[in-house]
2 protein chains.
Amino acid sequence: MVRRPALRDHIAAGILDTAAAVLAERGESVSMADIAQAAGVGRATLYRYFPTREALLLGLTRAAFEELSGRIAAAELDAVPLREGLARAARAFIAAGSRYAAVVHVGKTYVEDPAEFDRAVAEPVRALIRRGVADRDLRADVPAEVLFEMFTALLERSLRLVDAGRLGVEQAGAVVTTTFLDGVAPR
Amino acid sequence: MVRRPALRDHIAAGILDTAAAVLAERGESVSMADIAQAAGVGRATLYRYFPTREALLLGLTRAAFEELSGRIAAAELDAVPLREGLARAARAFIAAGSRYAAVVHVGKTYVEDPAEFDRAVAEPVRALIRRGVADRDLRADVPAEVLFEMFTALLERSLRLVDAGRLGVEQAGAVVTTTFLDGVAPR
DNA sequence: TAGTGATGAGACATCGATATCTCAACATGA
DNA sequence: TCATGTTGAGATATCGATGTCTCATCACTA
């Protein structure tokens, strides 16, 4: 049985998806045995695809980076008004789902190139917020960095609610954007 | 040297404070050796005060519960307007500092009585938000549970910024309350 | 100063997780 | 059917962390 490389890649991707879901749900403490069981493969097989735990985490963050950087680039955040940009950014992260959630859990320990990750994923959102402050579309009494942290805080919590089935994908993006910009008190 | 029980308790409290700070900063993966070193005591001494890791985590969540439940009770959230209540709740959690942050990191795994913790700490805030929705002081197009999650998301992120020295204690409470209620776009 | 008790350092056993290896069973293609 | 290659299960070595123990040292007190 000369299994095609494509099939092998497909299986590896499936394992990564499962690993992302398990990591996002139960945190970094999940073992290789846990991941193998969740993915429905033997532990030895898991090691054939990812020779070390580190390799698996690197593959995971790599997949998240590729998904997120692509979506953020496609969102063209610098070409649309602030509100639309924030909505697009929120949808991009929420669409990445547990891939991004897993990276948040694990931290940037296993990101291959943290500077590149920051440049392609976080920085466009930061730039959008800085522009909002400069255009007086955002409060200037709080540093733009703090506004960025508040936005990602809402985003990450919404993502967890989506994964837990407590919030729809469509709603999540809207809740994040409107809460961030307008707050939850009726105007 | 017949050391007084009071002194022993004081040392134990100091160890818990250090453990809370280390856990809040580096997550649940910190070892007993890490905590002992951070607290400036020998590893054997640490085990004399807390015979197991579980005992230490239990002591930690217990201290956080006592601090938080006291502050929440004193805040009398049901006796003040919504905005003031949210501000008081935010200040209560921020004042607890790394004690609360550590519990967030560890989860409720080591909370002695999760139901009691919820009743005395989370539920008063939930009730405040439900009242806000009922009084039409808060948006009704999103479940109160989701509003609660957004509030705690902002709160926990602000707490981390305070611990990291990127936000002042006074500012943090104001940022959480105003962002949650009014958003960050100028009205 | 002598005695009591706490401390820190280090040795040690144990446990769980990572990582490696072998082997029997199985699926696919010739 | 046969050969090839993949898989799962289990045995094993290794490693780090937990938890236990001893002992020399030190601080405080009588």
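Quick note on labels: first sequence line is chain A, next is B, and so on, each numbered from 1.
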Protein-nucleotide distance (Leu57(A), atom CG; dA17(C), atom P), rounded to Å = 16 Å

Does the distance from a Lys or Arg side-chain N to an Asp or Glu carboxylate O, for Arg119(A) and Asp113(A), drop under 4.0 Å?
-> no

With sequence neighbours left out, which residue pairs that include part of residues 129-187 of chain B fulfil the ring-ring contact (aromatic ring centres under 6.0 Å, His included) condition?
-> Phe151(B)-Phe180(B)

Between dA27(D) (P) and Arg8(B) (CZ): distance, integer Å = 20 Å

What do you reckon, is CZ of Arg62(B) surrounded by more than 12 foreign heavy atoms closer than 6.0 Å?
-> no

What do you reckon, is CZ of Arg160(A) surrounded by more than 12 foreign heavy atoms closer than 6.0 Å?
-> no

Just how far, in rounded Å, is C1' of dG19(D) from CG of Leu56(B)?
-> 14 Å

Under 4.0 Å from any atom of DNA chain D, heavy atoms only: list the residues of residues 36-44 of chain B that qualify, in numerical order.
-> Arg43(B), Ala44(B)

For atom CG of Leu46(B) and atom P of dT18(D), their distance in whole Å | 9 Å

CD/Glu170(A): more than 12 non-hydrogen atoms of other groups inside 6.0 Å = no

In whole Å, what is the span from the CZ atom of Arg48(A) to the C1' atom of dT22(C)?
-> 10 Å

Can you tell me how far P of dA17(C) sits from CD1 of Ile35(A), to the nearest Å?
-> 12 Å

Residues of residues 25-32 of chain B with a heavy atom under 4.0 Å from any atom of DNA chain D, listed by number, are Ser31(B), Met32(B)

Output the single nucleotide from dA19(C), dG19(D), dT7(D) whose closest atom is nearest the side chain of Thr45(A).
-> dT7(D)

Roughly how many Å is it from CD in Glu54(B) to P in dC15(C), rounded to a whole number?
-> 17 Å

May I ask you to say whether Asp34(B) pairs ionically with Arg26(B), meaning some side-chain N is under 4.0 Å from a carboxylate O?
-> yes

Arg99(B) and Thr61(B): side chain donor to acceptor below 3.5 Å | no

Salt bridge flag under 4.0 Å for residues Glu156(B) and Arg157(A) = yes

For dT7(C), does OP1 or OP2 lie under 4.0 Å from any side-chain N or O of Tyr49(B)?
-> yes

Pair Asp118(A) + Lys108(A), salt bridge at N-O below 4.0 Å | yes

In whole Å, what is the span from the CZ atom of Phe50(A) to the P atom of dT20(C)?
-> 15 Å

